[in-house]
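No hydrogens, no waters, no symmetry mates; every other heavy atom, side chains included, goes into these values.
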Amino acid sequence: MTTQHTDPTPTVDTAKSLGLTPDEFQKIQEILGRLPNFTELSIFSVMWSEHCSYKNSIVQLKTLPRSGGRLLVGAGEENAGLVDIGDGLGCVFKIESHNHPSAIEPYQGAATGVGGIHRDIFTMGARPIAALNSLRFGTPDNARMKRLIAGVVKGIGDYGNCFGVPTVGGEVYFLPCYDHDILVNAMSVGLVKADETVSATAGGPGYPVFIVGSATGKDGIHGATFASADLTEDSHEDLPAVQVGDPFQEKLLLEASLEAIQTQAIIGMQDMGAAGITCSTSEMSAKAGCGMRIDLDKTPTRQSNMKAWEILLSESQERMLIVCKNGGEAALKAVFEKWDLPCEQIGVTTDTGRLEFYHHGELVADVPADPLVLGGGAPVYIREQKRPEYMTQIDAFDPAQIAQPADYKAAAEAVWASPNIASKGWITQQYDSTVRTGTMTTNRHSDAALVRVKGTDKALAITTDCNSAYVYADPHKGGMIAVAEAARNIVCAGGEPVAITNCLNFGNPYNPEVYYQFAEAIRGMGDACRKFNTPVTGGNVSFYNQATLKDKVVPVYPTPTIGMLGIVDDHTKVMTLDFKQSGDVIYLLGESQNDIGSSEYLRLVHGITHSNCPHFDLDKEYNLHQTIRQLIQKNLVQSVHDVSEGGVFVGVLESAQAGKTGCQIRTNDQFRKDAWLFGEAQSRVIVSVTTEQAATLEQFLSENNVAFEAIGNVGGQDLVIDGENWGNVADWQRRYNTVLEEIMA
């Protein structure tokens, strides 16, 4: 049948307006053997957007380790990664961004980011049991940024709380580079029985295709294209691209989907995220090597007179595409009717390998499925790289030129009051962290979130990590550190790191300096993942995180956020960071350095934003992890806490306030005092140990070639540094707890 063209014949200008290049427009014509109509061109525009096709990133992504260890489903194979955790259970987890929508409409942008990532989990048959996030905001000293912060936090809280999944962890940073383009990365973790997983496949020809869940509206149209372009001063005009979420509807969809799986009527299931019906039909068909014939008139819609391309491209939330077994239609419909959700057959799979979309009885689009998706005919690019010019300024940084503070306590107070270090309680108290009753870190403090796996002795250790200032200073080393810190947090909580997901937030890939940052960060991540045996399960790439304001391009720092999963085989062996009892000896494990590069101290006290990435040695980091795990298993330590932002000073004070106790600390005069206290050299951990076990600890560390020094003792109510009383720990904690509240007041 010849495709009927009801829209004006598209031109290269039409293609450019949809985010396609002239070469891509030509390639589409070659694939079709003719000019596309507007609907067909719209289909290619969303599926060939960076958000869906990874056309500028896939070459680099393929260098990451994507197999090994406990991994059952790796990157690109399904909607999310799947890891074997034993006892017949698998853990499904993934992190994704919702940056551009959140910058335009923070509440719905963040809320639908949470909803979308949970759907990626339960579309594979897993029940979400935990959520985390990684948030990046600009300087919170103006009304616009405060509005964005408040909206994002409320959106995350409202959706997650209503949906009934605890938000158990995450991270929040405030830096000027995010003043115009905030980052909102959401992570979901779920559990599934090994024999109850579902694939995102159409199975083959001859099966009925159903759309289930919410009705389709005009919200989110061209959202994938919107996410694949720079933000400008006029981006608010793209507000219709932001989806609108309904967590109560998603809760119904979750329960109905998991119940429908039990009927064994489902062949394949795919959530409708970016590009909506277009993406789900093309990806499921391409995976099975078949086609689909879809009648768009049968799609439940919220608005009348929707055009074919609007139905195809809508990113309305809380929807799934299901391919059903023949004869299973009645069972499928019964489940969704029970949960009061639409379940309509909109098509059938075919043996043509083509997607045929009908509207009002007319064939409005006829395109091959495979060329739409990565690995088919979608374009793949390798962009030019150039070492950024700003790195010459970093190369020239000389710490010897930095004067040490005249008043160390005042410097410490400045670091402690950094919103990047101070309590995020104003944010986290808006999240329900206890629903489902599995969270182990609600009233206990660990370096990673801990969640019980009910019915077993296991717990999951989960974290999100990335210090983008480190990646900005040295993308390769910073990429390694992002993975290493995530692994260190898992280990310090008593877990074994097993796999990662990632959310790669960068500027425009057509900028050679940005692409250099991207490629080098990927290289660093890969090096670290191979060392820790933590393969990559998937995630997403978010380019174009830069704003063009009055002809000035303002990119964010390169931010490769790492979501890491760890396993604690015996939940009684979890570890917390709080000092436990008076008299315990405090040790610093790992090698100290005369290093203040890229530290909060250097940025806040000295106003320096361009300096070296902190010291990092991958082999010593790995050895430290193995040693920490054994120390915890042997019950040789009372508390464990890694050294990160703010250095040893912040690490010690966080452990002290968590234990509601004071401590006495001695600095090491072999190093600059500011470097020892506030430097952020990596591969270091603070532990406390009873006096009876101190000698055993030291012997074990020596045998395992881990550097260490005894730096003080737990006790009293005050923080004492080198014999100088810096005040009551409770007073420091009050300041820690009120910084963000005062900013947001």
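With contacts defined as side-chain heavy-atom distances shorter than 4.5 Å, the pair L624/V491 does not qualify. Taking 4.5 Å as the limit, some side-chain heavy atom of I129 sits within range of a side-chain heavy atom of L460. No side-chain heavy atom of M124 sits less than 4.5 Å from a side-chain heavy atom of I121. Using a 4.5 Å heavy-atom threshold, the side chains of S97 and L183 count as separate. Contact annotation: the side chain of D432 approaches that of T434 to within less than 4.5 Å [non-hydrogen atoms, C-beta and beyond]. For the pair Q317 and D246, the minimum side-chain heavy-atom distance is 4.5 Å or more. Side-chain contact check for E496 versus R70: some heavy-atom pair is nearer than 4.5 Å. Annotation: side chain of W416 is in contact with side chain of E654 (closest heavy-atom distance under 4.5 Å).
When I462, I117, N133 are each tested for a side-chain contact (heavy atoms from CB on, under 4.5 Å) with M187, only one passes: I462. Paired with V687 under the rule side-chain contact (heavy atoms from CB on, under 4.5 Å), one option of L701, V637, L588 passes, and it is V637. T464 pairs in a side-chain contact (heavy atoms from CB on, under 4.5 Å) with only one of the listed residues (L132, T501, N502), which is L132. Here the options are I490, I500, V83, T537, the test is side-chain contact (heavy atoms from CB on, under 4.5 Å), and the partner is L565; only V83 passes.
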Do V114 and F163 pass the side chain to side chain contact (heavy atoms under 4.5 Å, CB included) test, and can you show the C-alpha distance, the side-chain angles, and the key distance before you say yes or no?
-> CA-CA 10 Å; V114 172; F163 183 57; over 6 Å; no
Between L82 and V192, is a side chain to side chain contact (heavy atoms under 4.5 Å, CB included) present by the stated rule, with each step listed?
-> CA-CA 9 Å; L82 175 63; V192 63; 4.0 Å; yes
Decide yes or no on side chain to side chain contact (heavy atoms under 4.5 Å, CB included) for M564 and V483, but give the supporting numbers first.
-> CA-CA 8 Å; M564 184 172 282; V483 175; 4.1 Å; yes
Apply side chain to side chain donor-acceptor pair (under 3.5 Å) to the pair E680 and S598, showing each step before the final yes or no.
-> CA-CA 8 Å; E680 298 175 13; S598 295; over 6 Å; no
Apply side chain to side chain contact (heavy atoms under 4.5 Å, CB included) to R444 and L450, showing your working.
-> CA-CA 10 Å; R444 306 171 72 189; L450 295 162; over 6 Å; no
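The environment of K573 atom NZ is dense: over 12 non-hydrogen atoms of other residues, nucleotides or ligands sit within 6.0 angstrom.
Considering every non-hydrogen atom in both T441 and A449, the closest pair reads OG1-CA, 3.8 Å. In plain terms, the two heavy atoms of V568 and G495 that are nearest each other are CG2-CA, 3.6 Å. V536 and L71 make their closest contact through O-CD2, 4.3 Å (heavy atoms, listed as atom of the first residue, atom of the second, distance). Taking all atoms of both residues into account, the shortest heavy-atom contact from E318 to G245 is OE2-CA, 3.8 Å. Residues Q108 and T112 share a closest heavy-atom pair of O-OG1, 2.6 Å. Annotation for E196 and I261: closest pair O-CG2, 3.9 Å, computed over non-hydrogen atoms.
Using a cutoff of 4.0 Å between basic side-chain nitrogens and carboxylate oxygens, D619 and K531 are scored as salt-bridged. Salt bridge status for R127 with E255: present, with a side-chain N to carboxylate O gap under 4.0 Å.
Put simply, the side chain of Q682 never gets that close to the backbone of I481: no donor and acceptor are under 3.5 Å apart. In this structure, D447 contributes its side chain and D642 its backbone to a donor-acceptor pair below 3.5 Å. Looking only at distances, a side-chain donor or acceptor of S655 sits under 3.5 Å from a matching main-chain atom of L577. The closest donor-acceptor contact from the side chain of K424 to the backbone of P419 lies under 3.5 Å. With hydrogens and angles disregarded, a donor-acceptor distance shorter than 3.5 Å links the side chain of N99 to the backbone of V184. A donor-acceptor pair is defined here as one N or O able to donate and one able to accept, closer than 3.5 Å; such a pair exists between the side chain of K454 and the backbone of R436. In this structure, the side chain of N161 engages the main chain of Q430 through a donor-acceptor pair within 3.5 Å. For the pair E621 (side chain) and S683 (backbone), a donor-acceptor distance under 3.5 Å is present. No side-chain donor-acceptor contact under 3.5 Å links K458 to the backbone of I567. Counting only distance, with no hydrogens or angles, the side chain of T63 and the backbone of Q60 share a donor-acceptor pair below 3.5 Å.
Applying the ring pair (Phe, Tyr, Trp, His ring centres under 6.0 Å) test to pairs two or more places apart or on separate chains, those with a residue in residues 424-473 are Y390-Y472, Y472-Y557, Y472-H610. Judged as a ring pair (Phe, Tyr, Trp, His ring centres under 6.0 Å), the pairs with a partner in residues 617-637 (not counting sequence neighbours) are, in order, F532-H625.
With no hydrogens or angles considered, a side-chain donor-acceptor pair links S639 and S688 at under 3.5 Å. Between the side chains of N467 and E485, no donor-acceptor pair of N or O atoms lies under 3.5 Å. Using a 3.5 Å distance cut-off with no hydrogens or angles, the side chains of Y173 and T559 do not pair a donor with an acceptor.
Rounding to the nearest 0.5 Å gives a distance of 12.5 Å between SG of C177 and CD1 of I182. In this structure, the separation between OG on S468 and CZ on R136 is 5.0 Å, given to the nearest 0.5 Å. Distance check, rounded to the nearest 0.5 Å: CD of E741 to CD of Q429 gives 6.0 Å. Taken from CG in L636 to CD in Q638, the straight-line distance is 10.0 Å, to the nearest 0.5 Å. Rounding to the nearest 0.5 Å places OH of Y178 at 11.5 Å from CZ of F137. Atoms CD1 and SG, on I562 and C466 in that order, are 7.0 Å from each other to the nearest 0.5 Å.
Judged as a salt bridge (charged side-chain N to carboxylate O under 4.0 Å, His left out), and not counting sequence neighbours, the contacts of E250 are R119.
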